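No experiment lies behind these values; they were computed from the predicted model shown. Chain letters run A, B, ... following the sequence lines, proteins first, then strands; residues in each count from 1.
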Amino acid sequence: MRRTHPLISAAALLTMGFLYLPLLSVAVFSVNATRYGLVWRGFTLDWYIQLVHNEFILEAAWNTLVLAVASTLVATVFGTVLAIGLDRFPWSKRTNTFLDIVLHVPVVIPDIILAAALVVAFGLLRALSSVFEPGLFNMIIGHITFQIAFVALVVRSRLVSIGREIEEAARDLFASTPYILRRITLPLLLPGIVAGAMLAFTLSLDDFVISFFTAGPESVTLPLFIFAAVRRGVTPQIHALSTLVVLITVILIIGMERFTRK
Amino acid sequence: MNRLLVWYGELTTPRQLVHRGLYFLGAGMLWLMIFLVLPGLVLIVVSFATRGAYGQLEWSFTVENYKRLIGFTLFGWTSDYILIVWRSVWVAFVTTAISVFLSYPLSFFICARPERSRYLWLTLVIIPFWTNMVIRTYAWFLILAPELPFAKLASFFKLIPPDTPLYPNAFAVYLGMVSMFLPFVTLPLYASVERLDWTLVEAAQDLYASRVRVFTQAILPQTLPGLSVGVILTFVPAMGMFVVPDLLGGAKYMLVGNLIQQQFGASRDWPFGAAISMGLMILTMISLQLYRRRSKEIEFV
């Protein structure tokens, strides 16, 4: 095993401290008994209990969940089918390059550009149908748009790594296309699909910018709620809520790690 | 097009294959066309439109929005917007540089952990990476609060008036930005450091290379692939970041992201917002182009 210079270790530990200091302080002040200011007045769980009775927060949590589940379901199905279409057919080099660029755009551009484009597009679509008023429906569309790309990229890399030999063997044994898809490709792909779906779910929970631009007054999610509350002034209740969100994130990440690292 | 071919065990025609392929691509690609490509094109068109008196769109096409972005107004030239764009690029650059500087020790440290605890350390870097950015940004409010030692120290040195928080200001923006993007550099860099060929480093040391030369000639070239991924993953989103400057920078330290948000929010000037977004898009494409050229060079090494 290689040893690191003590100075490097010290720098690394300080950097880790720098990463965790903000999160830890939120957690610490979420159990602090003072309502105003940041003086330590003893341990309490009151702020957590109050959360459950705050109907705005409950509604925001519900919206967040609906948004994440709905967009993840659609994006996983579309993204998976798209990945199979991209990888398993003899597209010309030109088509492939084009598809590749379209797929990478939501991944590489700053999300605020996608958000701006969606605002304008929804604004014009509103002339056609009132469905496109700012709100949960628009947010779901926005989330699906960037999730599809991530799911398709994850599933495609899995498709490449499982190869085509088994599918070819099945074909040689006179299996039909739907049969191959159902009994061979999809079961082999499953870990990739689940990983893609979990990534999409986490991205949706994590997103602020797309939601912020497409949300309406009735469709506040937790990140939007926290943002609005913070601009009015932070309260211990917000710390408690944030701590819970971080804990959920940690659980999701550990689940994702367990699943992908086998 | 009706010649036969064998495609992975199946006797078929190109037409049939393409037909089936489009069946698979259909739904997803249609979605991306309608909600990604089309809105992108609409954004370009709108950036040439005019804002009506009540914030509505008027379809008389001008380049007025772009002229305004580079500073030409009714009352002559101002540097306001150019300054904001330049500041965004600069903040993104400094954020990237500091993140790289901090990521090297961190990734070497993680690599030197025994196998079992290495994944734990890595997960510890991944957790902030996935934590909501609003939470990670506002958390600095607590650390920089007037009651805590950091703000007290700053006011002791007369950097800020007593009993005021250490935000909003440029310093707080940099703190927030670096803590936001650090994992974006560390994770890809770690992947490169993990595969490092230590025999080259030892060879350099055996040949009496100085510490600086060991780094620049034995370590840097080997970690360049991970480093360049980290740099592009940080620099591009950092340019468009708006949560951090909004919460920690205040009105005095605006970045392009805030400017765009303002046009779609309070000012309700979509054409100008679209033009700024296009400006940001151009900056993004320049950075990606530079990255692609560099990564081609890397392949030759």
Practice prompt. Working to the nearest 0.5 Å, report the span between CD1 of I109(A) and OG1 of T284(B).
Written response: 7.5 Å
Pairs under 3.5 angstrom only: tabulate donor-acceptor contacts from the side chains of residues 140-153 of chain A to other protein residues two or more places apart or in another chain.
residue, atom, partner, partner atom, Å
H143(A), ND1, S204(A), OG, 2.9
H143(A), NE2, D207(A), OD2, 3.0
H143(A), NE2, S211(A), OG, 3.0
T145(A), OG1, I141(A), O, 2.8
T145(A), OG1, W31(B), NE1, 3.2
Q147(A), OE1, S71(A), OG, 3.3
Q147(A), NE2, S71(A), OG, 3.4
Q147(A), NE2, A200(A), O, 2.8

Worksheet item: Heavy-atom distance under 4.5 Å to chain B: side chain of I113(A), backbone, both or neither?
Response: both
Fill in: Residues of residues 100-107 of chain B near chain A, each having a heavy atom less than 4.5 Å away
L102(B), P105(B), L106(B)
Discussion item. Between L224(A) and chain B, with a heavy-atom cut-off of 4.5 Å, which part of the residue counts as in contact: side chain, backbone, both or neither?
Written reply: neither
Worksheet item: Out of curiosity, F89(A) CZ to F24(B) CZ, how far, rounded to the nearest 0.5 Å?
Response: 5.0 Å
Worksheet, complete the sentence: So, the part of W7(B) with a heavy atom under 4.5 Å from chain A: the answer is side chain
Worksheet entry | T243(A) versus chain B, the contacting section by heavy-atom distance below 4.5 Å | neither
Response to the item:
Greatest number of non-hydrogen atom pairs under 4.5 angstrom with chain A, of I232(B), V178(B), I260(B), L142(B), falls to L142(B)
Worksheet, complete the sentence: Max heavy-atom pairs within cutoff under 4.5 Å with chain B, candidates P90(A), A121(A), A12(A), P110(A), goes to P90(A)
Worksheet item: Quick one: CG on L182(B) to OG1 on T15(A), what's the gap to the nearest 0.5 Å?
Response: 6.5 Å
Worksheet item: Which residue out of V42(B), L280(B), T186(B) racks up the most heavy-atom pairs below 4.5 Å with chain A?
Response: L280(B)
Discussion item. Quick check on V102(A) against chain B: is it the side chain, the backbone, both or neither that has a heavy atom closer than 4.5 Å?
Written reply: both
Item to complete: List in chain and number order the residues that pass side chain to side chain contact (heavy atoms under 4.5 Å, CB included) with M198(A), two or more places apart in sequence or in another chain; answer none if no residue qualifies.
Response: V194(A), M256(A)
Worksheet item: CZ/R211(B) to NE2/H5(A) distance, rounded to the nearest 0.5 angstrom?
Response: 5.0 Å
Fill in: Side chain, backbone, both or neither of V108(A) within contact of chain B (heavy atoms, under 4.5 Å)
both
Fill in: Atom pair CZ (R136(B)) and CG (L23(A)), whose distance is rounded to the nearest 0.5 Å
7.0 Å
Fill in: N/O donor-acceptor pair under 3.5 Å between N132(B) side chain and P223(A) backbone
no
Fill in: A139(B) to S25(A) - nearest heavy-atom pair and separation
O-OG, 4.1 Å
Response to the item:
Checking heavy-atom separations under 4.5 Å from chain A, one finds in residues 233-242 of chain B V236(B), G240(B), F242(B)
Practice prompt. Assert yes or no for the condition that the ring centre distance of W140(B) to F18(A) is strictly below 6.0 Å.
Written response: yes
Item to complete: Measure distances from L181(A) to the heavy atoms of chain B and classify the residue's part below 4.5 Å as side chain, backbone, both or neither.
Response: side chain
Fill in: Top contributor to chain A contacts, counting heavy-atom pairs under 4.5 Å, from A274(B), S179(B), P183(B)
S179(B)
Worksheet item: Nearest 0.5 Å, what's the CZ-CG distance between F264(B) and L118(A)?
Response: 10.5 Å
Response to the item:
So, the part of V81(A) with a heavy atom under 4.5 Å from chain B: the answer is both
Practice prompt. Tell me, yes or no, whether the heavy-atom count around D163(B) atom CG, taken from other residues, nucleotides or ligands under 6.0 Å, exceeds 12.
Written response: no
Worksheet item: Given the side-chain rings of Y138(B) and H239(A), with only the six-membered ring counted for Trp, is the space between their centroids under 6.0 Å?
Response: yes
Discussion item. Can you tell me which portion of L99(A) sits under 4.5 Å from chain B's heavy atoms? Options are side chain, backbone, both or neither.
Written reply: both
Worksheet item: F225(A) versus chain B, heavy atoms under 4.5 Å apart: side chain, backbone, both or neither?
Response: neither
Item to complete: Determine whether more than 12 heavy atoms belonging to other residues, nucleotides or ligands lie under 6.0 Å from atom CG of L22(B).
Response: yes
Item to complete: Could you tell me which non-hydrogen atom of A116(A) sits nearest to which non-hydrogen atom of S277(B), and how far apart they are?
Response: CB-OG, 3.6 Å
Worksheet entry | Under 4.5 Å from any heavy atom of chain B - which part of Y20(A) | side chain
Worksheet, complete the sentence: Counting heavy-atom pairs under 4.5 Å with chain A, the top scorer among L17(B), L124(B), L36(B) is L124(B)
